[in-house]
Amino acid sequence: MTPPFTSSASSRFLRYVTFDTQSDEQSESYPSTAKQLVLLNQLVGELKDMGVSDASIDQYGYVMATIPPTPGKEQVPVIGFIAHVDTSPEVSGAGVTPIVHRNYDGRDLVLPDDPSMVLREADNPELAEQHGNDIITASGLTLLGSDDKSGVAEIMAAAEYLMSHPEVPHGPVKIGFTPDEEVGRGTQYFDVARFGARFAYTLDGPVRGEVEIENFSADAMTITFKGFNAHPGYAKGRMISALKLASEFVHRLPHHGLSPETTDGYEGYVHPHTINGGVERAVVKLLLRDFTSKGLDEKARMLTSLAEEVVRPYPAASIDIERRESYRNMKEVLDRHPEVIQHAKAAMTAVGLKPQFRQIRGGTDGARLSFMGLPTPNLFAGEHNIHSRLEWTSVQDMDKAVEVIIAICRSWSE
Ligand SMILES: [Zn+2]
C-alpha cells in the first residue's frame, strides 16, 4: 500500500493563521487593511525562495506568480489557482492560536481559551468523515482563518511540490493571492490580463470532493413609496402615508415561500432587509436571488406589480423603482467552457475522490472573475464553520486539496 500523500500545507497553514489579516468593510483604502499586506509580502518571499522567480505584488496587494511549464508543455492552456488572504470582519482574527487535535475519534473538542466553545460531532455531521484525521481549530477566542488560509496554504504547498518535482508534467501555472474577499472587493482591481491565465480555480470551499460551479444571480432593488403629508389634525381625506404603503407592501410579500427563511437548494427569494421613511416618503430595500436571470426577472416583475397594486387606490401616491445588478451565476460562463469542469472532475477521480457538484447560495470571487473573462469555479479547501470561533479544518483534507491541484495541472497537460 502506498502511504498517503503528504505536503507542507498544514505546516504552512499553522504559520499563516498567526498573521492577523482581517479586512474592514468601513475602510476606503485598498486593500482595506494594511496588515493583509504583511502576509501577502511574506508569500512573495516564500514563492521566490522556492524558485518561482517572477512572484510579485502590485500596488493593490495582489500577488501573482508563474510556475513555468515542464519541457514540451509550453503550449498547454495557462491555468491559475487563486485564494484570498483576508479573514472575516465578523470575528477577531488577532492572536490566532491554532491547535492540532491528533487522530480525531469523535470526541468533543473543547477549546481551552473559552471552554464554552466545544466542537461536537452531533452539531457538525461533517466531522463524522474525519475519524482518524488531525483536526485543526483555534483556541476559543478567535476564528481560525481556514477561510481562506487553507486555500492559500494548499496552493503554496502545491507550488512547492511542482517546483521540486519536475517529473510531474504541467503547463504554465499561475498563482494569485488576493485581499478583501470578505468585504466583497476581492476582485475590484484584479488584472485578468496581467494574471495571464485562460481558466482558474479558487480554493475556498468546504467539503472534500466538492466543486462549486453555480452561484446565485443577484440584484438589489430599492422601492420608494411617495405619499402626501398634511397636518394630522386636518388630514382627513388628504393624507397618504408612504410609511403605511411601504408596510402594506412588505406585509403582502409571500408568507410561505420566496424568503431566505423558507428556501434552500435551488430556490430563490426576495428579501426586504431595510425599511426607512415617514409619511411623505418611505423606502424599502430588497435583495433578489435566483439561479437564473429569467427567475430573477420574474421576481422583479412580481415585486413591481405588488408595489403598483398597493398604491393603485391612491391617485396622489406613486412609486419609484430602481433595480441594480449585483452579480450573476457563473454557470452562464462555465457552460461555455466545459473543459474547466472536466479537468476538475478528472483530477478528483484520479486522486480517489468522488466529485460532487454544489451550488452556492451567495456570490464568490470566482463568479465575478468568470464574468471578467476568467472562468473560475471553486474547489474545496477543507474549511468548515467559517466566520466562527468554532471554525475547523483537517490536515488530511488540506493534503487532499494539494493532490487535487497537482492532478488538475497534470490533467490539463495531457
Ligand atoms: Zn473565503
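We use all heavy atoms of the structure for the numbers below, so side chains are in, but hydrogens, waters and symmetry mates are not. Just so you know, these numbers come straight off a predicted model, no measurement behind them. Both ligands and their constituent atoms are indexed starting at 1 by order of listing.
Side-chain contact of Glu383 with Thr393: a donor-acceptor pair under 3.5 Å is absent, judged by distance alone. Defined by atom type and a distance below 3.5 Å, a donor-acceptor pair is present between the side-chain atoms of Tyr266 and Glu214.
Closer than 2.8 Å to the Zn ion (ligand 1) sit the protein N, O or S atoms His84 NE2, Asp147 OD1, Asp204 OD1, Asp204 OD2.
The main-chain N or O of Leu379 is never found under 3.5 Å from a side-chain atom of Asp204 such that the two would form a donor-acceptor pair. A side-chain donor-acceptor contact under 3.5 Å links Ser217 to the backbone of Asn329. With Asp399 contributing its side chain and Ser7 its backbone, the two residues share a donor-acceptor pair below 3.5 Å.
Residues in residues 322-368 take part in these ring pair (Phe, Tyr, Trp, His ring centres under 6.0 Å) pairs, two or more places apart or across chains: Phe199-His337, His343-Trp412.
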